[in-house]
Protein chains: 2
Amino acid sequence: MSVTIKDIAQVSGVSYSTVSKALNDSPLVKPDTKKKILQVAKDLGYTPNFVAKNLVSKKSNTIGLVWPTIEQTALSTLVTEINNQVVKNNYFMMLSINDTNHAVEMFNKFRVDGVIIFEGETPLVKTFESTLPILTYGVANNNPYPIIDVNHRKAIYEAVSYLNNLGHQKISYIGYPSHKDKRQIEKLKGFHVAMDEIGLKTDENSTINTDGLTWFDGYTATKKLLQGPTIPTALISGSYDLSVGILRAVNECKLKVPEDISIISYDNIPQMARLETPLTSVGVPIGELAEKMVNSLLDLINKTNSFPLTEVMEPVITKRGSCSPPADVKADERFS
Amino acid sequence: MSVTIKDIAQVSGVSYSTVSKALNDSPLVKPDTKKKILQVAKDLGYTPNFVAKNLVSKKSNTIGLVWPTIEQTALSTLVTEINNQVVKNNYFMMLSINDTNHAVEMFNKFRVDGVIIFEGETPLVKTFESTLPILTYGVANNNPYPIIDVNHRKAIYEAVSYLNNLGHQKISYIGYPSHKDKRQIEKLKGFHVAMDEIGLKTDENSTINTDGLTWFDGYTATKKLLQGPTIPTALISGSYDLSVGILRAVNECKLKVPEDISIISYDNIPQMARLETPLTSVGVPIGELAEKMVNSLLDLINKTNSFPLTEVMEPVITKRGSCSPPADVKADERFS
DNA sequence: TTGAAAGCGTTACCAC
DNA sequence: GTGGTAACGCTTTCAA
């Protein structure tokens, strides 16, 4: 049985409503009394009961984050960043790694103030009536909830343009366009749109399906590509994890980055700089993204503004020296 | 404003205490009434308010898991497994990735039924009086809370014995014995104890400090080792992530596993079998560990037995073909 | 089999 | 400034 404000009231000889005020640092209570009450609370080892507090105040100061796929580096980083933002705003964050519908149902029962959902493989169905503010992180597409989209399509589009401007013609995209993960599909679309626009043809050598998102999937696919007849001059990787494997394959094939082959990776996270070969990357900087997400959810909770249903964040390219003009262009330049 | 049992009561024309009983499937309410009430609840889109429920029942059916370092593969896997066990027992699980003391304080305020703590870098201090059942996962050592220890020391000890029995003399341990992470220190101790016992000397070539726990740390350290003058015939890796890097380095040095070099890794997780070269590994099988942890915490919560303060689980070796006798022994055998 | 009422630990409002 | 008390949504006696 734990200590309650009534216990504190009894010991310090005041009413428990006064204790409540003191504990909440209300200006309505005399400094002396407050000080005494606080001391007693401490002596008694009082821990506020949030359950009771939340019941009456109808507010939990807590947000829930649904995160069904815990094994992708970039997402882990995003979760960590979101948590920092949440704490900075004096909220708590709870994670659930269950499937989306189960997790949301649970958070709803616990009356968290809001929920962030990482769109996963299970499509998000609006299964229940609720006023629970929900923000999703995924691909905008007449979604039932407000969504933060990071424009995956444009990110890869920009990557292609960037490489092409350097003079690359033989560009391959290495990714995993699973039909279940919209984000991955968008990336591939960006690739096709850009290539079409430039007038470059795409074939099975320019779009490599890794059939998975682990580093090893990236490794296997790239190894196969590089041992084939046509080696591209530039590679676009679909994620950080894939890049780890791509780098390994490139290395084993004795190719130098960027001299022999240029690489640009999706996922704009700090870890890119700490790879054996730091990679130029494209995407929304993770810190910015986290801040946007948390602020948006908080706005949604406090209804401080009419937050648009869809917010698309634009990717930026962060250069880390892994891209240069292709060998032939460099050669040409020597004579020009 | 959400639907409450009073709303249901009004619509179905019964008292709200009857509704409560019906919702809890009490045998005290007539099947007909129950059915009707359930229907009304569904029509109204009722979601039980756990906050209120928990307040009166003093039970949340929820456990909290403190997980400050979310970026280690083996730990992600363990968390996933624990979650499965928790769900199987009809509990909920909430994660916190904050530092231990902050997280426990939060879980305590929310009155979760129990907490599992992954010992991290911050030493665990008993900062508050509380009856909150807490189970830690770490290294047994007059810990303030019940602990599940997986005998890291013995795991590496067994690995050394196993390799030595195969005929290896030149064995290196590759790990990160950071002074802040007891688990890592224990592993190194196991190595030394075993080597001493066998009568093999250890030097800076047999204990490699990776200075980090990512795959790249493993890669760098191993690369350096293999380019040195003395190449061991067998390697013991401190973790799955390190093994990924070790394998890469071994590969780049054109060494074949197990022909040229044997490798055994700590962390008995299924991913070991899916590596490019499946690795024999040692440790407590992750599923078993998760089950033990959840059952122990639940026992602690329900006080069904006097759970010992310390429970040490024994490691097992799972063979996956990455170890064989060293080349010289094999050669000897040919003539014997 | 159903209903009434107390109570869980708080906050918030209204008296004093 | 401080105290009394209703209310939050639910479970759990106890009575009917």
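Just the heavy atoms: all of them, side chains too, but no hydrogens, waters or symmetry mates, feed the values below. Letters A, B, ... are given to chains in the order of the sequence lines, protein chains preceding strands, and every chain is numbered from 1.
Note that the two end axes of the helix from C:dT1-D:dA16 to C:dC16-D:dG1 enclose an angle of 40°, each drawn from 5 base pairs, rounded to 10 degrees.
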* Let me see the working for B:Gln271 and B:Thr77 under side-chain hydrogen bond (donor to acceptor under 3.5 Å, both in side chains), right down to the final yes or no. => CA-CA 9 Å; B:Gln271 285 94 320; B:Thr77 310; 2.9 Å; yes
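Residues forming a side chain to side chain contact (heavy atoms under 4.5 Å, CB included) with A:Asp43 (at least two apart in sequence, or on another chain): A:Gln39. B:Tyr46 is linked by a ring pair (Phe, Tyr, Trp, His ring centres under 6.0 Å) to nothing, counting only residues two or more places apart in sequence or in another chain. By the salt bridge (charged side-chain N to carboxylate O under 4.0 Å, His left out) test, B:Lys34 is found to be paired with B:Asp25, residues two or more places apart in sequence or in another chain being considered. A:Asp149 meets the side-chain hydrogen bond (donor to acceptor under 3.5 Å, both in side chains) test with no other residue; sequence neighbours excluded. Applying the salt bridge (charged side-chain N to carboxylate O under 4.0 Å, His left out) criterion to A:Lys109, with sequence neighbours excluded, gives A:Glu105. A:Asp113 meets the salt bridge (charged side-chain N to carboxylate O under 4.0 Å, His left out) test with A:Lys59; sequence neighbours excluded. The side chain to side chain contact (heavy atoms under 4.5 Å, CB included) check on B:Gln10 picks up nothing, with sequence neighbours excluded. By the salt bridge (charged side-chain N to carboxylate O under 4.0 Å, His left out) test, A:Lys6 pairs with no residue at all, sequence neighbours left out.
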Nucleotides 6-8 of chain D: which of its N/O atoms have a protein N/O under 3.5 Å away?
from, atom 1, to, atom 2, distance (Å)
D:dC8, O3', A:Lys58, NZ, 3.2
D:dC8, O2, A:Val56, N, 3.4

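You'll find that the side chain of B:Lys53 is closest to D:dT11, out of D:dT11, D:dG3, C:dT11.
Within residues 18-33 of chain A, the residues that place at least one heavy atom under 4.0 Å from DNA chain D are, in residue-number order, A:Thr18, A:Lys21, A:Leu28, A:Val29, A:Lys30, A:Thr33.
Identified under the ring-ring contact (aromatic ring centres under 6.0 Å, His included) test for residues 4-40 of chain B, with sequence neighbours left out: none.
If you measure from atom CD of B:Gln10 to atom P of C:dA4, you get 13 Å, rounded to the nearest angstrom.
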